[in-house]
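The structure under discussion appears below in the form of structure tokens.
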2 protein chains.
Amino acid sequence: MFSKATEYALRATIYIAQKSSIENKLSLDDVATGIGSPRAFTAKIMQILSKDNKLVSSTRGPNGGFYISDKAKEQPIIAILKCMNERDIIDKCVLGLKKCSEKEPCPLHFQYKTIKADLLGLFELKSIQQLANEIEDGNATISN
Amino acid sequence: MFSKATEYALRATIYIAQKSSIENKLSLDDVATGIGSPRAFTAKIMQILSKDNKLVSSTRGPNGGFYISDKAKEQPIIAILKCMNERDIIDKCVLGLKKCSEKEPCPLHFQYKTIKADLLGLFELKSIQQLANEIEDGNATISN
DNA sequence: TGTATTAAGGACAAAGTTATCTTTTATTAT
DNA sequence: ATAATAAAAGATAACTTTGTCCTTAATACA
Ligand code: FES
Ligand code: FES
């Protein structure tokens, strides 16, 4: 479904939400180890996620690292997809037609659209915080 | 969702099902033009699809080309995915964990699994013939 | 001020996917 | 037989994604 980069982005963000706070930041190594992703590649992804400190925040130097503000934790999962520029793969035609539309639908369109709606609903409804809680409560893992 | 190769495979198969018969085969050019895919790449995909004449059938030489037997037309869409070795992308964890399981679920697992079931249902239920009919009846397109 | 620490940024490498081109093989019709 | 036709097969190219490495910049603290 998603690219490796976006998978790591999702896992990293949720992981940071669960483990970090502004007083207790996570280093790149913490994150990569925590979610089981390649360190250097994860660094690149963290750069995207923490660009302008919009979704994830970061500071350099001793005791620096990554964290997520309480406000950002309330963001829905889809915010991560948007950040990774993969928001619109949900809109694509399942058969790869240039445009998915009701006027020129592919033969799977009307059935697939309800599935897409469910997917979108999931990503729009679930917040980063909620998924972090699932892990915190021991009901889910993200560690590979 | 799927790779370009699999998208072309799905469209090509459905297109051939709609347009061809054993007496009226489609050439590679017919197929590539019909679904709007790059000719040479499509050739490679047709090789996979018609390997052993299992899903799509092909013959060489004058009046040769591709066609689909009535029996193969009754196959569900998922047969095309299997043929393209993309059947199992439906089983993958949405967050990219190595294994999607109930015992060590990711925080989206239980919601995502119903979506996966819907997807699988769609691909298992709809036959190649049915989708070809949609196009034949003017209710859908596949031509880009 | 200087040094250690940590992320940011840039250049590059490896692997995978998509796409093209050329040659070979099978088949038909003359 | 020969020529024409059309797919199969192989080599290779272009592009994208994934991944690494090295240098630079920011920050804290002694
Ligand atoms: S046109 Fe194919 S999914 Fe909408
Ligand atoms: S474990 Fe992630 S979808 Fe099943």
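Order of the sequence lines fixes the chain letters, A, B, ..., with proteins taken first and strands second; residue numbering starts at 1 for each chain. Quantities reported herein were computed from a predicted structural model and do not represent experimental measurements.
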Rounded to the nearest Å, what distance is computed from the [atom1] atom of residue [X] to the [atom2] atom of nucleotide [N]?
X	N	atom1	atom2	value
B/M1	C/dT17	CE	P	16 Å
A/D29	C/dA8	CG	P	14 Å
A/K25	C/dA8	NZ	P	12 Å
A/N53	D/dT27	CG	P	11 Å
A/M84	D/dT17	CE	C1'	11 Å
A/Y67	D/dT27	OH	P	11 Å
A/L28	C/dT6	CG	P	11 Å
A/I48	D/dT18	CD1	P	11 Å

- Query: Near A/K19 NZ, under 6.0 Å, is it more than 12 heavy atoms from other residues, nucleotides or ligands?
  - Reply: no
- Task: Side chain of A/R60 only, please: which of C/dA7, C/dT18, D/dC21 is the nearest?
- Result: C/dA7
- Query: Given B/I14, which of B/I35, B/I68, B/I135 fulfils the side-chain contact (heavy atoms from CB on, under 4.5 Å) condition?
  - Reply: B/I135
- Without hydrogens or angle criteria, can the side chains of A/T6 and A/E86 be said to hold a donor-acceptor pair below 3.5 Å? yes
- For A/P107 and A/L95, the nearest pair of non-hydrogen atoms, with its separation, is CD-CD1, 3.8 Å
- Message: Could you go through B/E23 and B/S21, starting from their C-alpha distance and side-chain angles, then the distance that decides it, and tell me whether this counts as side-chain hydrogen bond (donor to acceptor under 3.5 Å, both in side chains)?
- Response: CA-CA 5 Å; B/E23 318 87 48; B/S21 63; 3.3 Å; yes
- Task: Look at all strands and tell whether A/A43 reaches a base, only sugar-phosphate, or nothing, counting heavy atoms closer than 4.0 Å.
- Result: nothing
- Message: So A/L26, base contact, sugar-phosphate only, or nothing? Heavy-atom distance under 4.0 Å.
- Response: sugar-phosphate
- Query: Closer to the 5' end of DNA chain C via nearest nucleotide, is it B/G61 or A/G64?
  - Reply: A/G64
- Message: Reading DNA chain C from 5' onward, which residue's closest nucleotide shows up sooner: B/T6 or A/R39?
- Response: A/R39
Can you tell me if the side-chain N/O atoms of [X] get under 4.0 Å from OP1 or OP2 in [N]?
X	N	value
A/T59	D/dA26	no
B/S58	D/dA6	no
B/N63	C/dA29	yes
A/Y8	D/dT18	no
A/S50	C/dA8	yes

- Message: Angle between the end axes of the helix from C/dT1-D/dA30 to C/dT30-D/dA1, five pairs per end, to the nearest 10 degrees?
- Response: 0°
- Any donor-acceptor N/O pair under 3.5 Å between D/dA9 base and B/Q47 side chain: yes
- Look at the side chain of A/K4 and the base of C/dG16, then say whether one donor and one acceptor between them are separated by less than 3.5 Å. no
- Message: Can you work out whether B/K51 or B/P62 has the more 5'-proximal nearest nucleotide on DNA chain D?
- Response: B/P62
- Position toward the 5' end of DNA chain D (nearest nucleotide), B/K44 or B/G65: B/G65
- Message: If you apply the rule salt bridge (Lys or Arg N to Asp or Glu O under 4.0 Å), what do you find for B/R39 with B/D29, and how did you get there?
- Response: CA-CA 7 Å; B/R39 191 198 127 97; B/D29 277 304; 2.7 Å; yes
- Transitively linked via ILVMFWY side-chain contacts under 4.5 Å: B/L28 with B/M84? yes
- Query: Below 4.5 Å, heavy atoms only, C-beta onward: do B/I78 and B/L81 meet side chain to side chain?
  - Reply: yes
